[in-house]
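These notes are about the structure you will find just below.
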Amino acid sequence: MNECKDSPFSLYGETLASRFVLGTALYPSPQSMKDSIAASGTAMVTLSLRRQNPQQQDGDTFWQYIRESGCRLLPNTAGCKTPKEAINLAEMSRELFETEWLKLEVIGDDYNLQPCPFGLVEAAAELVKRGFKVLPYTTDDLVLAQKLLDVGCEVLMPWGAPIGTGQGLLNRYNLRTLRERLPDVPLIVDAGLGAPSQAAEAMEMGFDGILLNTAVAKASDPVLMARAFAGAIDSGRMAFLAGLIQKSQTASPSTPTLGQPFWHQS
Amino acid sequence: MLTLSLNNESRELPDNTSLQEAIEHWGMVEDKLAAAVNGEFVPRSHYSNFKLSDGDLVDLVKPVGGG
């Protein structure tokens, strides 16, 4: 963003060149993922670990492209339902990806993939003690957010909507409350966004960044959609910095009324 | 003979096999992977000394796309 002076996007003391964090799943091909990462301008990508048998070598291209992107890695604990599962997967990720950064997911419900608040706090507390830099995927609940900060998380990632739904910002009141009550905490809206306009709205509200995957990867043209989201996130950020006007119930003319022709005092 | 699970598939190995030997036996020694046995992370530096037991559940995971 060159048009205005912005504060750096800093997480755990490190500055990222983009406020757009992109997921690496669900693309039609590894090449599409690679091109989408480039088009997005992202500086950090999420990824995961899964079982693969010796015969399967299709992950090698994926890993090659990820390394070539030069992006910071943010491994996740997707699919974990207990603190124990999440902690063990986190340890495996730290060793394999050589990073202490972690997108912590502890899922409490299969239907909407809602984070389990109790398991999330328990796992975050242990992982912080073990030296991880935890970025928890959380709901938009203020008290849960405060508990996560209490155990040492320095960044929070509240959901916009359940993962993969594309429904946008379902609870604006809660999201605004988080932003207003935690003004100095980096907040990244993570999951549920479907359209660039929704990402722009979150940025206009003052959120610090956006993490998404499905909306880009499942678009008809993922590369073009990555570019669209990048533009929307930049626009939303600029709008936040510029300061939105107050909404008003009554109209107010933008064109000067002084000197209006055809007007005569009766 | 040990009967154990590799990524949820049944496998057999000689008695007293280490995790390192198992990974070599399965042809995965060149792979970028991380390991857990019975749900507990096993650091790479422990592979050689980690003796597998009958009924162990071995997970070997590799990088994949994630959101």
Side-chain angles (χ1 to χ4, degrees), chain A residues 21-27 30 33 45-60 62-67 73-79 82 84-85 87-98 103 105 113 130 137 163-164 190-191 211-218, chain B:
Chain A
V21 184
L22 188 60
T24 57
L26 301 174
Y27 292 85
M33 177 201 74
V45 293
T46 54
L47 72 177
S48 197
L49 290 175
R50 285 293 181 267
R51 292 168 168 167
Q52 283 180 299
N53 287 325
Q55 298 83 357
Q56 293 176 280
Q57 295 299 328
D58 49 346
D60 294 347
F62 165 79
W63 178 238
Q64 178 191 339
Y65 285 165
I66 292 292
R67 276 187 304 158
L73 304 182
L74 183 61
N76 70 29
T77 60
T82 66
K84 183 187 174 190
E85 288 176 4
I87 290 164
N88 276 289
L89 193 57
E91 292 283 10
M92 295 162 89
S93 293
R94 177 160 65 175
E95 179 183 81
L96 196 146
F97 296 122
E98 298 176 352
K103 171 179 167 176
E105 294 184 45
L113 299 179
R130 296 188 186 197
Y137 166 61
I163 297 169
D190 176 6
L211 194 168
L212 57 86
N213 189 158
T214 309
V216 167
K218 301 298 277 184
Chain B
M1 200 64 122
L2 302 174
T3 301
L4 46 73
S5 160
L6 167 63
N7 292 345
N8 212 31
E9 291 184 5
S10 181
R11 300 294 176 104
E12 291 194 337
L13 289 170
D15 286 334
N16 210 32
T17 299
S18 70
L19 182 55
Q20 177 65 34
E21 290 164 339
I23 290 170
E24 290 169 7
H25 178 80
W26 292 324
M28 300 174 79
V29 74
E30 298 292 325
D31 294 352
K32 186 172 184 65
L33 54 80
V37 177
N38 300 323
E40 298 282 349
F41 167 61
V42 180
R44 192 173 294 124
S45 58
H46 295 185
Y47 288 179
S48 294
N49 294 329
F50 193 102
K51 296 296 181 186
L52 293 169
S53 302
D54 201 51
D56 274 349
L57 306 175
V58 181
D59 276 301
L60 299 178
V61 295
K62 297 169 74 172
V64 296

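Here is how names work: the chains are called A, B, and so on, in the same order as the sequence lines, proteins then strands, and each is numbered from 1. For the numbers below, each heavy atom of this structure counts, side chains included, while hydrogens, waters and symmetry mates do not.
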Quiz prompt | Heavy-atom proximity to chain B below 4.5 Å, by part of E85(A) | solution = neither
Quiz item: Is it true that a side-chain atom of S48(A) and a backbone atom of G65(B) form a donor plus acceptor pair closer than 3.5 Å?
Solution: no
Quiz item: Of the backbone (N, CA, C, O) and the side chain (C-beta and beyond), which part of N88(A) lies under 4.5 Å from a heavy atom of chain B, both, or neither?
Solution: both
Quiz prompt | Any donor-acceptor N/O pair, N76(A) side chain to G67(B) backbone, under 3.5 Å | solution = yes
Quiz item: Which residues satisfy the salt bridge (charged side-chain N to carboxylate O under 4.0 Å, His left out) test with K32(B), sequence neighbours excluded?
Solution: none
Exercise. For E95(A), enumerate each residue passing the salt bridge (charged side-chain N to carboxylate O under 4.0 Å, His left out) test, keeping only those at least two apart in sequence or located in another chain.
Key: R44(B)
Exercise. Of all the heavy-atom pairs spanning A35(B) and M92(A), show the shortest one and how long it is.
Key: C-CE, 3.5 Å
Self-check item: Qualifying residue for side chain to side chain contact (heavy atoms under 4.5 Å, CB included) with R51(A), from V64(B), L60(B), N8(B), V58(B)
Solution: N8(B)
Quiz item: Which of the residues V45(A), L47(A), L96(A) is involved in the greatest number of heavy-atom pairs with chain B at under 4.5 angstrom?
Solution: L96(A)
